[in-house]
Number of protein chains: 2
Amino acid sequence: MGRVSDAKARLMDAVLELLWTGSYGSTTIDHICERAGVKKGSFYYFFNSKADVAVAALDAAFQANRVELDAIFSSSVPPLERIRKYCEFGYAIQVEMKAKFGYVLGCPLFTLGAEICTQEQAVGAKISEILEYKARYFETAIRDGHAAGVFHAPDAAAKSRVVRAYIEGLLTQARIQNDLEILREMAEGVFNMLGVKSAEIPA
Amino acid sequence: MGRVSDAKARLMDAVLELLWTGSYGSTTIDHICERAGVKKGSFYYFFNSKADVAVAALDAAFQANRVELDAIFSSSVPPLERIRKYCEFGYAIQVEMKAKFGYVLGCPLFTLGAEICTQEQAVGAKISEILEYKARYFETAIRDGHAAGVFHAPDAAAKSRVVRAYIEGLLTQARIQNDLEILREMAEGVFNMLGVKSAEIPA
DNA sequence: ATAGTAGTTGACTAACTAGTCGACTATGTT
DNA sequence: AACATAGTCGACTAGTTAGTCAACTACTAT
């Protein structure tokens with residue numbers, strides 16, 4: 001079956017790291033190759049362009065991420081608990097990245113999506129697809145919470161949009177200000193948005 | 001007093017447009033010059049770098065914008081009315097940009113800030129400065145609203161952060177999805193966040 | 001009118017960038 | 001062993017990018 005290699009995976013890891021710590025514009029194919037320890041000829045053996053490797057890497061990372069998201073948003077977990085766990089999970093990632101790179105990095109999908117949406121159609125479409133998928137976790141949690149009477153949110157889709165805007169906005173603010181602290185308010189902010197009475201908030 | 005010229009202003013206009021419609025990474029000095037109808041030699045007569053012209057342009061644009069913001073957030077206007085007017089104003093700008101460029105562009109400060117904050121210190125600092133200044137308009141409006149008993153927000157600074165995160169997040173979602181419609185929920189979303197009773201909402 | 005000042009220009013260099021290609025190497029199959 | 005397949009590599013081209021510079025032009029005050 002020919003020569004074996006993990007170069008493709010290394011390239012995808014490298015591009016993700018560069019996109020997240022920097023930006024699409026600051027990420028060059030030369031840099032990706034250098035970080036992956038792969039020569040450019042090999043890059044073009046696997047991918048056609050920067051957009052191509054970005055789409056592949058985002059997709060692969062999301063597929064891996066889904067396992068954790070499915071656990072966090074499992075319907076066996078009470079709705080508010082799902083949201084609280086998601087916020088904690090996200091916070092832990094940001095802490096890890098800040099320790100590793102010196103910067104709060106925020107949500108790579110959101111930052112990258114905002115940067116390239118007017119220019120790189122294919123990347124934008126992949127990002128939209130993933131963000132939409134993630135939105136459904138929230139919509140379901142909110143629908144379940146409403147059904148359980150934990151809070152009042154008859155239009156779960158609309159409430160989910162509001163919550164997502166807040167969460168993504170907060171993550172991006174954290175990136176711009178390079179400040180982890182503001183992220184600690186995330187779960188509380190979401191609960192307030194949902195009109196959860198303090199007594200109902202899971203420890 | 002030597003030769004007169006509006007080339008400096010044209011360059012600042014051009015860079016703003018390119019940054020807003022595209023990104024920092026996609027905006028080159030050559031493109032800026034081309035759009036401004038100015039040769040590169042002249043560019044370097046006025047500015048030292050892309051970061052330099054960006055900072056100057058953002059600052060100038062914000063100074064111009066402040067006049068409108070001061071009117072919208074005038075203390076003679078009822079607090080909720082200020083917020084409603086701000087949302088309407090922002091929506092009108094997005095409509096105008098979509099008509100002009102074919103894309104919903106969102107908040108240039110937020111998009112740009114998220115893109116460059118790990119790389120271009122000077123630009124990041126200017127963006128933070130402007131965003132902080134804008135945040136104070138909201139904080140004051142929320143403090144005034146609480147004092148007037150229109151809603152309950154004893155910690156105006158914290159509530160302002162939540163509201164800003166939501167607004168910026170929503171604007172960025174609109175950019176990513178190229179969708180004007182979701183912006184129409186903005187004022188309503190903010191009012192819900194503040195716990196305003198529907199009866200109090202200004203027409 | 002002329003001299004100083006402010007702004008303009010085109011032609012240049014050097015570095016970087018994307019993308020190509022043919023020769024090469026490692027692995028599994030027969 | 002030898003062959004097909006999968007992957008690697010270095011050297012290459014061509015276009016783009018940032019940045020420089022000396023010569024030039026327009027304006028104003030005296």
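Sequence lines set the chain letters: A, B, ... in the order given, protein chains first and strands last, and positions in each chain run from 1.
- Of all nucleotides in DNA chain C, those with any atom nearer than 4.0 Å to a heavy atom of chain B start and finish, going 5' to 3', at C:dT5 to C:dG10.
- Note on A:R84 versus A:E81: salt bridge recorded, some NZ/NE/NH1/NH2 to OD/OE distance being below 4.0 Å.
- Separating the CZ atom in B:R35 from the OG1 atom in B:T27 is a distance of 9.0 Å, to the nearest 0.5 Å.
- The interatomic distance linking B:I32 (CD1) with D:dG19 (P) rounds to 11 Å, in whole Å.
- Taking CG from B:L105 and CG from B:L171, the interatomic distance works out to 10.5 Å, rounded to the nearest 0.5 Å.
- Applying a 4.0 Å cut-off to non-hydrogen atoms, the residues of residues 33-42 of chain A that approach DNA chain C are A:K40, A:G41, listed by residue number.
- Near-neighbour residues of DNA chain D inside residues 7-26 of chain B, defined by a heavy atom below 4.0 Å, are absent.
- Residue pairs satisfying the side chain to side chain donor-acceptor pair (under 3.5 Å) criterion with at least one member in residues 151-175 of chain B, sequence neighbours excluded, are listed as follows: A:E185-B:R161, B:R164-B:E168.
- A donor-acceptor contact shorter than 3.5 Å links the side chain of B:Y24 to the backbone of B:A51.
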Atom pairs under 3.5 Å, N or O on each side, protein against nucleotides 27-30 of chain D: can you list them with distances?
{"unit_1": "D:dT28", "atom_1": "O4'", "unit_2": "B:M1", "atom_2": "N", "d": "2.7"}

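- The side chain of B:Y44 places no N or O atom within less than 4.0 Å of a non-bridging phosphate oxygen (OP1 or OP2) of D:dT20.
- Shown for residues 45-59 of chain A: residues whose heavy atoms fall under 4.0 angstrom of DNA chain D, namely A:Y45, A:F46.
- In this structure, the separation between OG1 on A:T118 and CD1 on B:I176 is 11.5 Å, given to the nearest 0.5 Å.
- The closest donor-acceptor contact from the side chain of B:R82 to the backbone of B:V77 lies under 3.5 Å.
- Between B:Y137 and B:Y86, the distance separating the two ring centers is not shorter than 6.0 angstrom.
- For B:F151 and B:F191, the ring centers sit 6.0 Å or farther from each other.
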